[in-house]
Amino acid sequence: APVAAPAGAAAPGSTAMTSLVVRPAQVSDAAGINAVYNPFIRTSPITFETVEHTQAQRQSWIEAHARSPRHPVFVAEANGGLVGYANAAEFDPRAAYETSVKVSVFVAPARHKTGAGKALYAALFGALGRQDVHRAYALIVAPNPASVALHERFGFTYVSTLSEVGRKFGRYYDVMWFEKRF
């Protein structure tokens, strides 16, 4: 069911959200999710993906997540458009890892600091808390103090840093691992 969330205080120069609705993703959200995520692939090291997702790939991704209660996807809509999404994914395909998940949240840059990320994570962790999930992990490309602060707000603690584990745009990046206990 959709959840209305109050609009957060807008950062100077950003577009304030007059209303924010967070709900489970539907296949019809594929283009909106890609519109949020694909620019990060093209322009930012915060994702290590290097090839943009097609509409068909994203639709299949949403369908796969819908089949697993441990791996939900939520979207945030504001002012008639999709502004972000959060999801849980399989930590590792080996069976003993089944109660651990990786989580991500992506919000369109124009909507940063408006409360969308917090609302998305609140919905995601609410759903995960009703499932057989023991740990959630977040991988944060360093440096990213805003992402660290968001994760800490939701009970994540720093676990480790993998040094220069990924290369994008001709540069190596560290990845910080954070853990949330359920």
Side-chain angles (χ1 to χ4, degrees), residues 3-23 25 29 32-50 52-53 72-79 81-89 91 100-129 135-182:
V3 176
S14 71
T15 305
M17 286 191 255
T18 58
S19 66
L20 180 68
V21 175
V22 175
R23 60 171 176 76
D29 294 318
I33 291 173
N34 280 350
V36 168
Y37 187 67
N38 282 346
F40 288 109
I41 294 171
R42 288 192 304 271
T43 64
S44 174
I46 67 168
T47 176
F48 283 175
E49 291 198 69
T50 59
E52 292 182 40
H53 292 254
V73 180
F74 288 90
V75 295
E77 295 176 311
N79 303 327
L82 198 143
V83 299
Y85 74 97
N87 72 283
F91 178 79
S100 295
V101 297
K102 290 189 295 186
V103 297
S104 298
V105 61
F106 286 90
V107 175
R111 302 300 184 152
H112 285 181
K113 297 185 180 182
T114 62
K118 290 177 199 143
L120 283 160
Y121 259 1
L124 181 68
F125 296 129
L128 291 176
R135 296 285 189 268
Y137 294 93
L139 287 73
I140 303 172
V141 177
N144 192 334
S147 185
V148 169
L150 176 65
H151 286 86
E152 288 176 340
R153 178 185 183 112
F154 281 93
F156 281 81
T157 57
Y158 172 79
V159 175
S160 179
T161 296
L162 302 177
S163 176
E164 296 186 352
V165 69
R167 182 174 65 190
K168 190 169 180 183
F169 307 130
R171 179 178 162 203
Y172 287 96
Y173 290 91
D174 296 347
V175 172
M176 299 175 290
W177 281 71
F178 282 76
E179 176 183 74
K180 177 179 176 61
R181 296 173 179 209
F182 283 85

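The structure presented is a predicted model; accordingly, all values stated were derived computationally and were not measured. Positions are given from 1, in the same order as the sequence printed here.
- Expressed to the nearest 0.5 Å, how far CG of Asn38 lies from CD1 of Ile33 amounts to 11.0 Å.
- For the pair Phe106 and Val36, the tightest heavy-atom approach, listed with the atom from each and the gap, is O-CG1, 3.7 Å.
- Nearest heavy-atom pair, Ala86 versus Tyr121, reported as atom, atom and distance to 0.1 Å: CB-CD1, 4.1 Å.
- Atoms CG and CZ, on Asp29 and Arg23 in that order, are 4.0 Å from each other to the nearest 0.5 Å.
- A side-chain donor-acceptor contact under 3.5 Å links Thr114 to the backbone of Arg111.
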Practice task
Take Val103 and Leu124, measure what side-chain contact (heavy atoms from CB on, under 4.5 Å) needs, and give me the verdict at the end.
Solution key: CA-CA 9 Å; Val103 297; Leu124 181 68; 4.0 Å; yes

Exercise for the section: For Phe125 and Phe74, run ring-ring contact (aromatic ring centres under 6.0 Å, His included): C-alpha distance rounded to whole Å, both residues' side-chain angles, the deciding distance at 0.1 Å, then the answer. Expected result: CA-CA 11 Å; Phe125 296 129; Phe74 288 90; over 10 Å; no

Exercise for the section: Quick one: do Phe156 and Val148 satisfy side-chain contact (heavy atoms from CB on, under 4.5 Å)? Show the steps, please. Expected result: CA-CA 9 Å; Phe156 281 81; Val148 169; over 6 Å; no

Exercise for the section: Applying side-chain contact (heavy atoms from CB on, under 4.5 Å), run through Phe178 and Glu152 and close with a yes or a no. Expected result: CA-CA 9 Å; Phe178 282 76; Glu152 288 176 340; 4.1 Å; yes

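- Not less than 6.0 angstrom separates the ring centroid of His151 from the ring centroid of Tyr158.
- Distance check: Arg42 CZ to Glu49 CD gives 13.0 Å after rounding to the nearest 0.5 Å.
- In this structure, Ser19 OG and Glu77 CD are separated by 9.0 Å, a value rounded to the nearest 0.5 Å.
- For the side-chain contact (heavy atoms from CB on, under 4.5 Å) with Leu120, the qualifying choice from Asn87, Val83, Val107 is Val107, the only one to do so.
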Exercise for the section: Determine, stepwise, if the pair Val165 / Tyr172 fulfils side-chain contact (heavy atoms from CB on, under 4.5 Å). Expected result: CA-CA 7 Å; Val165 69; Tyr172 287 96; over 6 Å; no

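- For Phe91 and Tyr137, the ring centers are positioned less than 6.0 Å apart.
- Among pairs with a residue in residues 167-182, those fulfilling salt bridge (charged side-chain N to carboxylate O under 4.0 Å, His left out) read Arg135-Glu179, Glu179-Arg181, at least two apart in sequence or across chains.
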